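Each remark here refers to the structure printed beneath this line.
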Amino acid sequence: MAESVVLLGLWVSPFVIRVRIALAEKGVEFEYKEQDLSSKSTLLLQSNPIHKKVPVLIHNERPICESLIIVQYIDEVWTDGSSLLPKDPYQRANARFWADYIDKKIIDASSRIWKSKGEAKETAKKEFIEYLKLLEGELGDKPYFGGDTFGFVDVAFSAFCCWFYSLEIEGNFKMKEECPKLMDWVKRCMERESVSKALPDQHKIYDFLGNLKKRLGLE
Ligand code: GS8
């Protein structure tokens, strides 16, 4: 039976972009179905009845939800080429820790930057930069979070780079000044086709964010 791989997504979502990058790293062909989150499709509601969110990967009719879980699934199912998670259990745990940190700390603070105003915005920005610096410390002098090879944390965070431009404008700061090593890492990731092809244009994201803020009454 031919394999069926379907991705339910939203073009601006870093969570969805993670899945695109992981599939590209593994050379897996898939069908992409853009979702309208203001009017959720039956397919999305049936595939992710608990969270009702994208991404959902539907592999041979079976849905898998939550971006980091999907990336790990992809790594386990398509084993040709190099694996995204390290072999060593301790290093695997460490990679999972930092991917979880990106979601709980960095992405959380980033959304507070554009959602809030005044003092709350300043706090979110300070926290965002502090969390990025901690992540930059974890990268150290390695080319990738995975060491010499692009791995799980690299997938988890590179998917988010296309939002930096909007966040810099929203928060009035420069990533290059705050985290120069992390920005060198961004450049290295962008040299990979899996990343550059998966990331939407940063200006389009900025336009999207402007419209979203208007819709949410945040302007
Ligand atoms: C987050 C997915 C998510 O927030 C993951 O997959 O890692 N922890 C999950 N998806 C959003 C779109 S991106 O902001 C979503 O689908 N939202 C729909 C909703 O909240 O109704």
Side-chain angles (χ1 to χ4, degrees), residues 5-26 28 30-59 62-77 84-85 92 95-116 124 128 131 135 145 151-167 170-171 194-195 198-202 204-218:
V5 183
V6 177
L7 173 62
L8 309 187
L10 176 75
W11 67 276
V12 281
S13 165
F15 306 107
V16 173
I17 298 167
R18 282 176 178 167
V19 179
R20 283 184 174 277
I21 295 173
L23 289 168
E25 283 288 329
K26 298 285 182 168
V28 179
F30 64 99
E31 184 188 347
Y32 179 73
K33 291 189 176 170
E34 179 78 4
Q35 301 297 298
D36 175 359
L37 296 182
S38 63
S39 162
K40 292 179 182 170
S41 67
T42 310
L43 182 60
L44 174 61
L45 296 174
Q46 281 175 352
S47 310
N48 190 354
I50 309 289
H51 297 303
K52 306 175 177 67
K53 290 184 177 187
V54 291
V56 179
L57 187 77
I58 309 175
H59 182 208
R62 295 193 300 180
I64 306 109
C65 304
E66 288 293 310
S67 61
L68 294 176
I69 295 173
I70 299 171
V71 174
Q72 293 181 63
Y73 176 85
I74 292 169
D75 201 29
E76 286 169 12
V77 171
L84 296 169
L85 274 155
R92 285 169 87 84
R96 291 186 179 117
F97 171 86
W98 284 105
D100 182 60
Y101 170 89
I102 289 164
D103 282 4
K104 290 198 179 124
K105 296 290 196 183
I106 299 185
I107 297 192
D108 173 74
S110 78
S111 61
R112 284 187 281 116
I113 293 178
W114 63 262
K115 279 182 185 154
S116 57
F128 180 69
Y131 299 150
L135 186 70
F145 287 95
F152 187 58
V153 181
D154 299 290
V155 174
F157 197 51
S158 61
F160 186 56
C161 298
C162 47
W163 277 83
F164 290 171
Y165 171 77
S166 297
L167 292 168
E170 284 287 326
S194 64
V195 178
L199 293 192
D201 182 87
Q202 54 187 7
K204 283 193 182 148
I205 292 196
Y206 185 65
D207 290 345
F208 169 89
L209 184 61
N211 289 329
L212 179 66
K213 284 177 68 177
K214 269 185 209 138
R215 271 209 314 276
L216 297 174
L218 297 171

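We count ligands from 1, going down the list as the structure has it; atoms in each ligand are counted the same way. Please read all numbers here as calculations on a predicted model, not as lab measurements.
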Is K104 paired with D108 through a side-chain N to carboxylate O contact shorter than 4.0 Å? no
Testing W98, F164, F152 one by one against F157 for a ring-ring contact (aromatic ring centres under 6.0 Å, His included), which residue passes? F164
Ligand 1 polar-atom proximity to protein (N/O, under 3.5 Å):
residue  : atom   : partner : partner atom : Å
ligand 1 : 6 (O)  : S67     : N            : 2.8
ligand 1 : 7 (O)  : S67     : N            : 3.3
ligand 1 : 7 (O)  : S67     : OG           : 2.6
ligand 1 : 8 (N)  : E66     : OE1          : 2.8
ligand 1 : 10 (N) : V54     : O            : 2.8
ligand 1 : 16 (O) : V54     : N            : 2.8
ligand 1 : 21 (O) : K40     : NZ           : 2.4

Can you pull the salt bridge (Lys or Arg N to Asp or Glu O under 4.0 Å) pairs that have at least one residue in residues 38-49, sequence neighbours excluded? none
Side-chain donor-acceptor distances from residues 42-49 under 3.5 Å, at least two apart:
residue : atom : partner : partner atom : Å
S47     : OG   : L43     : O            : 2.4
N48     : OD1  : H51     : N            : 3.2
N48     : ND2  : K53     : O            : 2.8

What pairs of residues pass the side chain to side chain donor-acceptor pair (under 3.5 Å) test when at least one of them lies in residues 152-165, not counting sequence neighbours? D154-W185
Start with the C-alpha gap between E34 and L10, add the side-chain angles, then the distance that decides, and say whether side-chain contact (heavy atoms from CB on, under 4.5 Å) holds. CA-CA 5 Å; E34 179 78 4; L10 176 75; 3.7 Å; yes
